[in-house]
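Read through the structure below, which is laid out as structure tokens, and then see the notes.
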Amino acid sequence: MAQRVSVSDGGNKKTSRVRVAVRLRPYMGKQDEKGEGPCVRGLDSQNLEIINWRNATETVKYHFDVFHGEQTTQQEVFLSSVKPILSHILNGQNASVFAYGPTGAGKTHTMLGGSEQPGVIPRAVREVFNLVKAKDEDEGWDYSIGMSYLEIYNEKVLDLLSPSSQDLPIREDKDKNILIPGLTHITISSFSDFDKYFVPASLNRTTASTKLNQRSSRSHAILLIKVVRTQRAITHRQQTGKLYLVDLAGSEDNRRTGNHGIRLKESGAINLSLFTLSKVVDSLNSGTAGRVPYRDSKLTRLLQDSLGGSAHSVMITNIAPEYKYYFDTFSALNFAAKSKLIVNKPFTRETVAVPALPVKRAREDHEVGGSGT
Ligand code: ADP
Ligand code: MG
């Protein structure tokens, strides 16, 4: 991935690579627990390493477009990974931002955040309003901003702004735009207008009960911000730009956590959308012009016109440093990157924020910073 030329959109060139960022959340294991410390850590702004489970004297190093360490603020994530793509949706282009990773690794924190530390969604919506406000009247375009909010659960498309609605169909028009007939679309005139609709709908989804929490980790929550601009001249040219902000279902393998019956079926369905997303991202990033399997799941079908092609896409893979996430972290990293390197140097603990015990393997046997290259 490192070697591939990064995609900077010079005009209408066909660009398709998905930018991949990884965000490591702070260590949250209790200090009175085994004191194992983290199993993964950042090396610099693009590289990280994780202990190799096949051989704990080795680490596996990964390279990404961006690595956000545990100290990274919400503002920094927004500025480096999201803000740069927003201007495009005022010019009729599409964009998408995903948070990927296991449940508990920080997807909702990254996308939604809290009132103290707002995440990508509120920052992006504010910024879109600012960008529109800053547009010069003399350019001759009128802008209108709208929102939809939906969930893909069990391969069903559900309208979060109209909770009683049934599974909605995904269609494609003659210009290859993807649309969902019947999905609520609300025109919003300010950020507080947005908040008024968004907050109750997302509270419904995330905090009502344990059951709903489980559901929220099994469903993909998708916020669509649509910017339509119309030229004031007699031609009335119109351009539509779509921004999808997606808090994906947890990437953990539910088969391992002992789910049965309906749960297993649910996670199977979710895995279909996540699995297909992984194939789509691979296919886009490998640069081979093969068929991109958008149609194989609801999620990728919906995102077809906003992922790859001339769209601007960012995937933020959230990972957690504790050992109990180890295999989910490993598979999330493998999903996010095809470029990795096994390094024959030990994992040392120098960067640990909490006073963790040394690994069983004597720390002083090995040099500091054991990453090497
Ligand atoms: P997910 O949505 O992936 O299941 P959450 O966003 O709910 O994970 O995060 C799990 C917990 O970790 C939450 O309590 C959240 O506030 C906290 N958390 C996640 N990322 C960070 C971070 N970067 N800084 C501080 N706390 C975080
Ligand atoms: Mg979440």
Side-chain angles (χ1 to χ4, degrees), residues 21-31 33 38 40-42 45 48 64 66-82 97-123 149-153 160 198-199 201-223 245-254 257 259 266-267 270-271 273-274 277 299 314-333 335-336 351-354:
V22 169
R23 184 182 198 184
L24 174 63
R25 75 150 160 71
Y27 190 87
M28 303 198 314
K30 292 187 198 79
Q31 290 186 27
E33 278 171 8
V40 56
R41 66 159 172 211
S45 64
L48 63 85
F64 298 100
V66 182
F67 170 71
H68 297 299
E70 59 255 72
Q71 306 296 333
T72 312
T73 64
Q74 300 281 64
Q75 169 79 345
E76 286 163 346
V77 171
F78 173 71
L79 290 180
S80 82
S81 292
V82 180
V97 179
F98 310 90
Y100 180 89
T103 299
K107 295 181 299 298
T108 304
H109 178 79
T110 294
M111 295 308 289
L112 201 56
S115 50
E116 308 261 285
Q117 297 179 56
V120 162
I121 286 174
R123 287 171 200 272
Y149 190 28
L150 63 131
E151 177 178 60
I152 296 178
Y153 181 62
L160 288 169
F198 180 71
V199 171
S202 56
L203 277 180
N204 268 344
R205 179 175 181 268
T206 53
T207 61
S209 71
T210 313
K211 273 212 179 83
L212 274 176
N213 270 325
Q214 284 169 356
R215 174 175 175 137
S216 82
S217 77
R218 288 158 202 283
S219 73
H220 311 284
I222 302 166
L223 173 67
L245 298 163
V246 187
D247 187 345
L248 290 168
S251 63
E252 61 273 10
D253 186 343
N254 286 295
T257 57
N259 289 308
E266 286 172 7
S267 41
I270 282 154
N271 287 343
S273 270
L274 279 182
L277 178 65
L299 178 71
V314 181
M315 190 173 64
I316 305 173
T317 298
N318 290 92
I319 56 171
E322 297 86 9
Y323 265 93
K324 66 171 178 175
Y325 289 94
Y326 182 82
F327 283 101
D328 292 325
T329 301
F330 211 79
S331 59
L333 290 172
F335 165 81
T351 58
V352 177
V354 275

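Remember, it's 1-based here, ligands and their atoms both numbered in the order they're listed.
In summary, the atoms of ligand 1 found under 4.0 Å from a heavy atom of Gly106, numbered by their order in the structure, are 1 (P), 3 (O), 5 (P), 6 (O), 8 (O), 9 (O), 19 (C), 20 (N). The atoms of ligand 1 that sit less than 4.0 Å from any heavy atom of Lys107 are 1 (P), 2 (O), 3 (O), 4 (O), 6 (O), 8 (O). Which parts of ligand 1 touch Thr103 is read off a 4.0 Å heavy-atom cut-off, strictly below it: atoms 4 (O).
Side chains of His68 and Ser81: a donor-acceptor N/O pair is present below 3.5 angstrom, by distance only.
Listed for the Glu70 side chain is no donor-acceptor partner under 3.5 Å among the backbone atoms of Gly42. Using a distance-only test at 3.5 Å, with no hydrogens or angles considered, no donor-acceptor pair links the side chain of Lys107 to the main chain of Asn318. With hydrogens and angles disregarded, no donor-acceptor distance shorter than 3.5 Å links the side chain of Glu252 to the backbone of Asp328. Side-chain atoms of Arg23 come within 3.5 Å of backbone atoms of Thr72 as a donor-acceptor pair (strictly under, hydrogens ignored).
Between His109 and ligand 1, an N or O atom pair is found at a separation short of 3.5 Å. The shortest N or O to N or O distance between Asp247 and ligand 1 is not below 3.5 Å.
Nearest heavy atoms, Ala201 versus Tyr149: CB-CD2, 3.6 Å.
Ligand 1 is approached by Pro26 to a heavy-atom distance shorter than 4.0 Å. Assignment of Pro102 to the shell around ligand 1 is supported, since a heavy atom sits closer than 4.0 Å. Using a non-hydrogen distance threshold of 4.0 Å, Met28 registers as a contact of ligand 1. The closest approach between any non-hydrogen atom of Arg23 and ligand 1 is below 4.0 Å.
Here the side chains of Leu24 and Leu48 are not in contact, with every heavy-atom distance at 4.5 Å or above. Counting heavy atoms from C-beta on, the side chains of Leu274 and His220 come closer than 4.5 Å.
The Mg ion (ligand 2) has an N, O or S atom of Thr108 under 2.8 Å away, backbone or side chain.
Protein heavy atom nearest atom 10 (C) of ligand 1, with residue, atom name and distance: Gly104 O, 3.6 Å. At the top of the distance list for atom 7 (O) of ligand 1, counting protein heavy atoms only, stands Thr108 CB, 4.2 Å.
The protein reaches atom 1 (P) of ligand 1 closely, with a heavy atom under 4.0 angstrom from it.
Annotation: the span from Arg123 atom CZ to Leu245 atom CG amounts to 13.5 Å, rounded to 0.5 Å.
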